[in-house]
There are 2 protein chains.
Amino acid sequence: MQQDRPEESEAIVEPERFNQARAAQSMAILEDYVEMIGDLIGEFGEARITDIAQRMGVTHPTATKAVSRLKREGLAISRPYRGVFLTDEGAAMAELVRARHRTVVDLLVAIGVPAETAELDAEGMEHHVSDVTLKAFEAFLERATSVSDTIEEAPRKG
Amino acid sequence: MQQDRPEESEAIVEPERFNQARAAQSMAILEDYVEMIGDLIGEFGEARITDIAQRMGVTHPTATKAVSRLKREGLAISRPYRGVFLTDEGAAMAELVRARHRTVVDLLVAIGVPAETAELDAEGMEHHVSDVTLKAFEAFLERATSVSDTIEEAPRKG
DNA sequence: CCGCAAGTGAAGCCTTGGCAACACTTCTGT
DNA sequence: ACAGAAGTGTTGCCAAGGCTTCACTTGCGG
Ligand SMILES: [Mn+2]
Ligand SMILES: [Mn+2]
Ligand SMILES: [Mn+2]
Ligand SMILES: [Mn+2]
């Protein structure tokens with residue numbers, strides 16, 4: 001039941017998964033803010049600190065600090081008392097993040113998760129979905145859609 | 001394309017999903033450490049700070065600090081220069097977390113994600129999988145297993 | 001045009017989760 | 001028995017992401 005210590009052996013690659021999780025997490029807030037700012041610009045033509053804060057469920061100084069980081073990382077720009085806007089890079093990220101978010105929600109729903117729960121859980125999960133996994137999700141959804149098409153349409157064609 | 005501000009209207013429930021994601025995240029490290037400590041105890045009969053740190057991919061003071069939090073939250077106990085052990089509560093959490101981890105990995109693999117990628121992505125995703133979603137995952141896996149049984153075995157039975 | 005409400009900024013505090021550097025204890029091999 | 005290696009603890013640093021409080025700008029309604 002109780003084995004010896006590994007000495008000079010294995011278990012060296014193990015921690016890599018935690019590093020990846022930490023890296024993903026450090027991007028999570030960036031991604032959520034960029035997506036949200038994109039949403040607000042789409043709806044209102046600008047993204048104001050108060051609106052960002054309200055939608056993110058934080059106070060306005062917290063939103064301000066997050067936007068500072070976005071600016072520092074070249075994803076957004078803003079001037080005092082004016083709204084926040086995305087750089088090209090920020091806008092591109094927003095697009096990807098939005099698409100990934102949708103795919104994750106769709107996948108969860110396809111698996112059988114209630115829509116409301118899917119929306120809640122996806123908000124956290126999405127940031128840990130790698131490109132490879134995202135592709136697998138898309139492929140699965142493609143397949144699932146075909147199958148239900150087959151079930152719903154094809155039978156009366158044959 | 002560009003509508004008016006909501007004034008006194010909707011969009012008030014929106015931020016709840018970010019709150020949930022933040023709450024889940026604040027549990028993530030607790031969960032990973034508790035699971036890891038459980039693993040080490042299972043393998044070696046004790047969990048030492050150095051081993052914990054190594055497997056988590058952090059330095060030992062970081063692991064020490066995390067264990068302090070576990071103790072503060074009643075999940076672990078330890079005495080100076082002795083190993084770290086789980087309380088009943090901690091052990092129970094470790095069990096649940098381990099099971100959830102397995103389920104998430106299994107689901108990803110069932111969806112078509114390569115095993116290695118599944119392992120990496122699951123480490124971050126797992127913490128955002130609610131009970132409802134977990135149940136849906138289990139149900140899906142159950143179904144998927146039956147279906148592949150049917151495909152692989154039943155045809156020659158009929 | 002002007003005063004007030006709303007929006008924004010700035011400062012300072014807290015907690016968490018990283019790190020390095022250094023001090024101390026335990027263990028182990030000779 | 002003991003010296004050196006390994007393990008552990010402590011301290012102090014940093015950045016991030018929350019918060020409150022207070023000060024300043026803006027934008028409006030009258
Ligand atoms: Mn999110
Ligand atoms: Mn999202
Ligand atoms: Mn994890
Ligand atoms: Mn895990």
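A quick note: this is a predicted structure, and the numbers were derived from the prediction, not measured. Just so we're on the same page: letters track the sequence lines, and every chain starts at 1.
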Distances under 3.5 Å between protein N/O atoms and the N/O atoms of nucleotides 9-11 of chain C, please, pair by pair.
residue	atom	partner	partner atom	Å
C:dG9	OP1	A:Tyr81	N	3.2
C:dG9	N7	A:His60	NE2	2.9
C:dG9	O6	A:His60	NE2	3.3

Margin query: Could you report the tightest heavy-atom contact between A:Glu89 and A:Glu73, atom names first, then the distance?
Written below: OE1-O, 4.3 Å
Checklist line | DNA chain D: 5'-most and 3'-most nucleotides touching chain A, 4.0 angstrom heavy-atom criterion | finding: D:dA16 to D:dG27
Margin query: With a 3.5 Å distance limit and no angle check, can you tell me whether B:Thr145 reaches the backbone of B:Leu141 through a side-chain donor-acceptor pair?
Written below: yes
Notebook entry, point to check: Are B:Glu138 and B:Arg143 close enough for a salt bridge, meaning some N to O gap below 4.0 Å?
Noted result: no
Notebook entry, point to check: Is B:Thr87 reaching over with its side chain to a backbone N or O of B:Leu75, donor-acceptor style, under 3.5 angstrom?
Noted result: yes
Checklist line | Ring centres under 6.0 angstrom apart (B:His128, A:His127) | finding: no
Using a cut-off of under 3.5 Å, enumerate the N/O to N/O pairs linking the protein to nucleotides 16-18 of chain C.
residue	atom	partner	partner atom	Å
C:dT16	OP1	B:Arg72	NH1	3.4
C:dG17	OP1	B:Arg69	NH1	3.0
C:dG17	OP2	B:Arg69	NH1	3.1
C:dG17	N7	B:Lys65	NZ	3.4
C:dG18	O6	B:Lys65	NZ	2.7

Next item on the list: Measure the shortest side-chain to side-chain distance between B:Phe137 and B:Leu108 over non-hydrogen atoms and say whether it is less than 4.5 angstrom.
Entry: no
Margin query: Tell me whether A:Thr133 contacts the main-chain N or O of A:Val129 through its side chain, where contact means a donor paired with an acceptor under 3.5 Å.
Written below: no
Margin query: Any side-chain to backbone donor/acceptor pair from A:Thr117 onto B:Val132? Under 3.5 Å, distance only.
Written below: no
Notebook entry, point to check: Looking at CZ of B:Arg98 and CD of B:Glu126, how far apart are the two atoms once the value is rounded to the nearest 0.5 Å?
Noted result: 11.0 Å
Check: Taking atom CZ of B:Phe85 and atom CD of B:Glu46, what is their separation to the nearest 0.5 Å?
Finding: 6.0 Å
